[in-house]
Amino acid sequence: MFALIDGNNFYASCERVFQPELRGQPLVVLSNNDGCAIARSDEAKALGVRMAQPIHEVPPAIRGQLAIRSANFTLYGDMSARILAILREVVPRVESYSIDESFLDLTGIPERAAFCRKLRGRIYRWTGIPSCVGIGATKTLAKLGNLVAKTVTRKPGSYPAALGGVADLSALSPPALVEVLAATPVGELWGVGPRWAAKLRGMGIETALQLRDARHDLILETFGVVLARTQRELAGEPCLALEEVEPARQQIMVSRSFGERVEDHKAISEAFATFAVRACEKLRARGLVTSAVGIFANTDPFCPELCQHHPQCTTDLPRPTSDSRVVLETIRQMQRGFLKAGFAYKKAGVWLMDLSCPDLLQPDLFAPITIGDDGLMQTMDAINRRFGRGTVGVGATGWQARPQWGMRQANLSPNFTTSLRDLPRAIC
DNA sequence: TCTGGGGTCCTAGGACCC
DNA sequence: TCTGGGGTCCTAGGACCC
């Protein structure tokens, strides 16, 4: 028996915890570079701001009513960790599924709905984040329950099984469950994206109920095993297990759109170095090493009248490493002839591939298993953890407070929970 | 003027092995 | 005229997720 708990309008709710003046306001959190709406308060949704909508496409009359914040992933990540700590304290088996969602194993817990209502109350009291919970026999049904709970929370009283932000589909009679499935468009299901939804509709399958009851061999043949699993899960047959231990990463990517178009190759080179250093920090934080490095750059796809260039390049390393300097030297060599003069670039990125755990590597008879100096890197990481990111680093990143390629973040809130400088003040 | 940044899995096809 | 029967690995493309 599964539950899915997620934070309502998560990023917007995080902003509101420490900025009470935002409560009740139509609030939108923008993506990096202040581009698209990636979280909306209920009030902003009511004004018609869509998920992932570019903010400049929102009519000025609406935009004028919005409170706007730039994405602050440091804050959201820390709030997420606090919620996860509460869940782990109370529930024996928890899967952290995304920054704002966790699956819980409720097997053996009596009074499931009451238990979850209490849990969500505690999360609200201890972190200030409102949440909703869906309960079901499978992960897919728990996800659907969560959708029901959220819909009902916005329209109180419309559905009795979803009292207090919790919807327990496992407590429904079969006819009542059929009613919920029949009312759910197939495209709203977890695992059914826009492409498959359109294809399913073309086959006459428009609701979750119709998908559940469709011919299984037809779904398997037309869409493959992924949707076939979703179909079985809808029928109450668990196909997806709780994954308590996060599987090891296969790749790590750091990429950014630039705040403006950049032609200066030196500036872009500093961006590559900055991204590479950040990627290696993430790599070491997970205790992994990388065996291959890639870089890419893109011109501005929204300006088709400008000449376009999308170079990319990957290199295998002689031996695995987690040393930023080895990766930096590798991408320095890759950059020869990589960018072309006269092109204005808008985005660049670095990715690390073929990641592995150093303990599991096949040793080389004639050489050390890895290259680089892990001790030095660990020391730098420890200093940066203690005194703030960027306290020590490498010169290739440029060390400018406002680099030419830097992001636009016009409305960034303070790091209330992770920086002493930004601690909220209580006025006596 | 302005348009995000990460990830995963599955499948098909080709190259290669004995 | 007739041309085996297994495998693995890699890559690209296409879905999906938040």
Side-chain angles (χ1 to χ4, degrees), chain A residues 4 6-7 9-11 28-39 49-60 63 68-74 76-77 80 95-103 139-140 143 146-147 186-200 219-230 233 239-240 243 246-261 271 275 278-279 282-283 286 292 294 296 298-306 312 314 316 344 346-355 407-411:
Chain A
L4 181 87
D6 80 337
N9 315 329
F10 183 64
Y11 300 160
V28 167
V29 175
L30 299 181
S31 60
N32 276 336
N33 244 356
D34 290 345
C36 304
I38 54 170
V49 182
R50 297 191 312 275
M51 186 61 182
Q53 185 175 21
I55 193 65
H56 71 266
E57 286 182 4
V58 176
R63 223 183 311 165
I68 287 181
R69 289 293 177 273
S70 306
N72 182 345
F73 291 108
T74 308
Y76 313 148
S80 172
E95 171 187 341
S96 166
Y97 175 65
S98 76
I99 192 165
D100 72 328
E101 290 174 86
S102 292
F103 283 106
K139 282 181 154 181
T140 302
K143 265 279 204 184
N146 183 271
L147 184 70
V186 74
E188 291 191 17
L189 287 171
W190 185 46
V192 181
R195 298 287 166 88
W196 285 358
K199 199 164 164 182
L200 284 163
I219 297 298
L220 181 63
E221 192 185 323
T222 314
F223 298 90
V225 299
V226 178
L227 193 65
R229 274 201 292 254
T230 298
E233 287 236 319
C239 302
L240 303 168
E243 292 177 32
E246 190 189 348
R249 278 288 170 81
Q250 298 179 26
Q251 59 176 46
I252 287 174
M253 173 178 296
V254 175
S255 72
R256 291 285 180 278
S257 291
F258 303 149
E260 55 185 73
R261 289 190 284 271
F275 302 160
R278 183 74 197 112
K282 291 185 179 186
L283 184 72
R286 291 175 179 272
F296 71 88
N298 289 332
T299 46
D300 192 343
F302 297 102
C303 278
E305 68 276 16
L306 296 178
Q312 64 169 69
T314 61
D316 290 330
K346 192 68 176 37
K347 179 174 181 174
V350 170
W351 78 98
L352 309 177
M353 292 155 287
D354 288 348
L355 308 186
M407 287 190 289
R408 271 191 308 273
Q409 289 181 306
N411 299 285

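Sequence lines set the chain letters: A, B, ... in the order given, protein chains first and strands last, and positions in each chain run from 1. Heavy atoms only: backbone and side chains are in, while hydrogens, waters and symmetry mates are out.
Atom-to-atom, CZ of Phe10(A) to C1' of dC18(C) comes out at 12 Å; the value is rounded to the nearest Å. We find that CG of Leu240(A) is positioned 17 Å from P of dT8(B), with the value rounded to whole Å. Spacing between atom OH of Tyr76(A) and atom P of dG4(B) amounts to 16 Å, rounded to whole angstrom units. Atom pair Glu57(A):CD and dT3(B):P shows a separation of 11 Å (rounding to whole Å applied).
No contact: Asp300(A) has no heavy atom under 4.0 Å from any strand. The residue Gln53(A) sits apart from the nucleic acid: no heavy atom pair falls under 4.0 Å. Using a 4.0 Å heavy-atom distance criterion, Ile252(A) is classed as a sugar-phosphate-only contact.
In this structure, the nucleotide among dC10(B), dT3(B), dC2(B) sitting nearest to the side chain of Asn33(A) is dT3(B). Side chain of Ser257(A), nearest nucleotide from dC10(B), dC18(C), dG5(B): dG5(B). Taking every side-chain heavy atom of Arg229(A) into account, dC9(B) is the closest of dG4(B), dC18(C), dC9(B). The listed nucleotides are dT8(B), dG5(B), dA15(C); the one nearest the side chain of Gln251(A) is dT8(B). Closest to the Tyr97(A) side chain, of the nucleotides dG5(B), dC18(C), dT8(B), is dC18(C). Checked against dG5(B), dA15(C), dT3(B), the side chain of Arg195(A) finds its nearest nucleotide in dA15(C). Nearest to the side-chain atoms of Val226(A) among the listed nucleotides dC2(B), dG4(B), dC10(B) stands dC10(B). Residue Arg249(A) has its side chain nearest to dT8(B) when only dT8(B), dG5(B), dG4(B) are considered. The side chain of Trp190(A) approaches dC17(C) more closely than any other nucleotide in the set dT8(B), dC17(C), dT3(B). Taking only side-chain atoms of Lys143(A), from C-beta outward, the nucleotide of dC2(B), dA15(C), dC18(C) with the closest atom is dC18(C).
Residue order along DNA chain B, read from the 5' end via each residue's closest nucleotide, puts His56(A) first among Met253(A) and His56(A). Mapped onto DNA chain B by nearest heavy atom, Tyr11(A) and Val225(A) fall at different nucleotides, with Tyr11(A) at the one closer to the 5' end.
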Item to check | Verdict with supporting geometry, Trp190(A) and Leu240(A), side chain to side chain contact (heavy atoms under 4.5 Å, CB included) | outcome: CA-CA 12 Å; Trp190(A) 185 46; Leu240(A) 303 168; 3.8 Å; yes
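Neither OP1 nor OP2 of dA15(C) sits under 4.0 Å from any side-chain N or O of Lys199(A).
Figure legend. dC18(C) is base-paired to dG5(B); pairs are counted as Watson-Crick or G-U wobble with both atom distances under 3.5 Å.
Of all the heavy atoms in Ala71(A) and Tyr76(A), the pair that sits closest is CA-OH, 3.8 Å.
Defined by atom type and a distance below 3.5 Å, a donor-acceptor pair is missing between the side-chain atoms of Asn72(A) and Ser70(A).
With salt bridges taken as basic N to acidic carboxylate O contacts below 4.0 Å, none links Glu233(A) and Lys143(A).
When Lys346(A), Arg261(A), Lys347(A) are each tested for a salt bridge (Lys or Arg N to Asp or Glu O under 4.0 Å) with Asp300(A), only one passes: Arg261(A).
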